[in-house]
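Worksheet: the structure to be examined is printed underneath.
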Amino acid sequence: QPDNPDALVPTYNHIRFLAVDTDVTSGITGFDKNETFDIANPNVKKALKSKSALDTRRELDWLDPEKVDVADIGDAGAGGFRQAGRYMMMDKSNQFLAKIKEMITLAKKDAGKASLYIHIFAGISGGTGSGTFLDVCYLVRKAISEANGGDGVVLGYFFLPDVNLDRIPTSASLVQSYVPKNGYAAMQEL
């Protein structure tokens, strides 16, 4: 509902947006800097090659760097690799959690007893969305619990391969081959 239902021009000061991506060069457009959260890691190839560094981080036990051919990861984003996308989100999960809690607090300020709804949109066939969508949902639930006493509704809208395929150059045949597989794997996780 608008802040003032009787206003000639309605305003919605309690609505917040946050765009999350590993490829800031793809152009997260239409958002100001307070509405974007960059999880990019320009050194992701090096990080995924460093088995000894990964072994010291328990939160990354799920990651098997030997199954990720880092040579195939592009220079921007997760390059179609779900593991790379998930790694980048997990690497910044504490900052992401803090950002979501901050946004919940701002959205709820002076909102009275208004209900909290969080809508998550993700393409689940690329490396970033497919690798992060479940963790993002869990992190958002945790943020709701910590910032709003658990009172809130999370709604997910997940898009399959056709959304991503048009954006991938034909020269990136390996990435194009991963997109349908990523979508299928993500659906299996649901």
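What you see is a predicted model, and the numbers here were worked out from it, not measured in a lab.
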Heavy atoms from other residues, nucleotides or ligands near CZ of Phe121 exceed 12 (cutoff 6.0 Å): yes
Distance-minimising heavy-atom pair for Ile39 and Thr132: CD1-CG2, 4.3 Å
Could you tell me the separation between the CG atom of Leu54 and the CG atom of Leu60, rounded to the nearest 0.5 Å? 6.0 Å
Can you give me every donor-acceptor pair (side chain of residues 103-116, partner residue at least two apart or in another chain, under 3.5 Å) with its distance?
| unit_1 | atom_1 | unit_2 | atom_2 | d |
| --- | --- | --- | --- | --- |
| Thr105 | OG1 | Lys101 | O | 3.0 |
| Lys108 | NZ | Ala114 | O | 2.4 |

If the condition is ring-ring contact (aromatic ring centres under 6.0 Å, His included), which residues does Tyr138 pass it with, not counting sequence neighbours? none
Please round to the nearest 0.5 Å and tell me the distance separating atom NZ of Lys181 and atom CZ of Arg82. 13.0 Å
Does Met187 belong to the same Ile/Leu/Val/Met/Phe/Trp/Tyr cluster as Phe158, with side-chain heavy atoms less than 4.5 Å apart forming each link? yes
Do the non-hydrogen side-chain atoms of Gln95 and Asp38 ever get within less than 4.5 Å of each other? no
Are Leu160 and Tyr178 joined in one hydrophobic group, where the rule is that I, L, V, M, F, W and Y side chains link up if heavy atoms are under 4.5 Å apart? yes
Calculate, to the nearest 0.5 Å, the distance between atoms CG and SG belonging to Leu139 and Cys137 respectively. 9.5 Å
State whether the side chain of Asn182 and the backbone N or O of Gly80 hold a donor-acceptor pair below 3.5 Å, judged by distance alone. yes
Name all residues meeting the side-chain hydrogen bond (donor to acceptor under 3.5 Å, both in side chains) criterion together with Asp135; count only those two or more places apart in sequence or in a different chain, and write none if there are none. Arg86
Measure across Leu63 and Gln83 and return the closest heavy-atom pair with its distance rounded to 0.1 Å. CD1-CB, 3.8 Å
Residues two or more places apart in sequence or in another chain: which of them pass salt bridge (charged side-chain N to carboxylate O under 4.0 Å, His left out) with Arg141? none
Under the salt bridge (charged side-chain N to carboxylate O under 4.0 Å, His left out) test, residues paired with Asp55 that sit two or more places apart: Lys51
What's the spacing between Asp6 CG and Leu8 CG if we round to 0.5 Å? 11.0 Å
Between Ser130 and Ser125 the two heavy atoms that sit nearest each other are CB-N, 4.1 Å
Would you say the side-chain atoms of Thr56 pair up with the backbone N or O of Ala53, donor to acceptor, closer than 3.5 Å? yes
Does some side-chain heavy atom of Arg57 sit less than 4.5 Å from a side-chain heavy atom of Asp91? yes
Do you know the tightest heavy-atom contact between Pro10 and Pro2? CB-CB, 3.6 Å
Please check if the side chain of Asn41 supplies one atom and the backbone of Met88 the other of a donor-acceptor pair under 3.5 Å. no
Do Leu18 and Val136 sit in one hydrophobic cluster, given that two such residues count as connected whenever their side-chain heavy atoms are within less than 4.5 Å of each other, even indirectly? yes
Would you compute the distance between atom CD1 of Ile100 and atom CG of Asn148 and round it to the nearest 0.5 angstrom? 13.0 Å
Here the ring pair (Phe, Tyr, Trp, His ring centres under 6.0 Å) pairs for residues 87-117, sequence neighbours left out, are Phe37-Phe96
What heavy-atom pair brings Ala40 and Lys92 nearest, and what distance separates the two atoms? O-NZ, 3.1 Å
Main chain of Asp21, side chain of Thr128: is a donor-acceptor contact present, judged purely on distance under 3.5 Å? no
Can you name the closest pair of heavy atoms from Ile144 and Val154 and give their distance? CD1-CG2, 3.6 Å
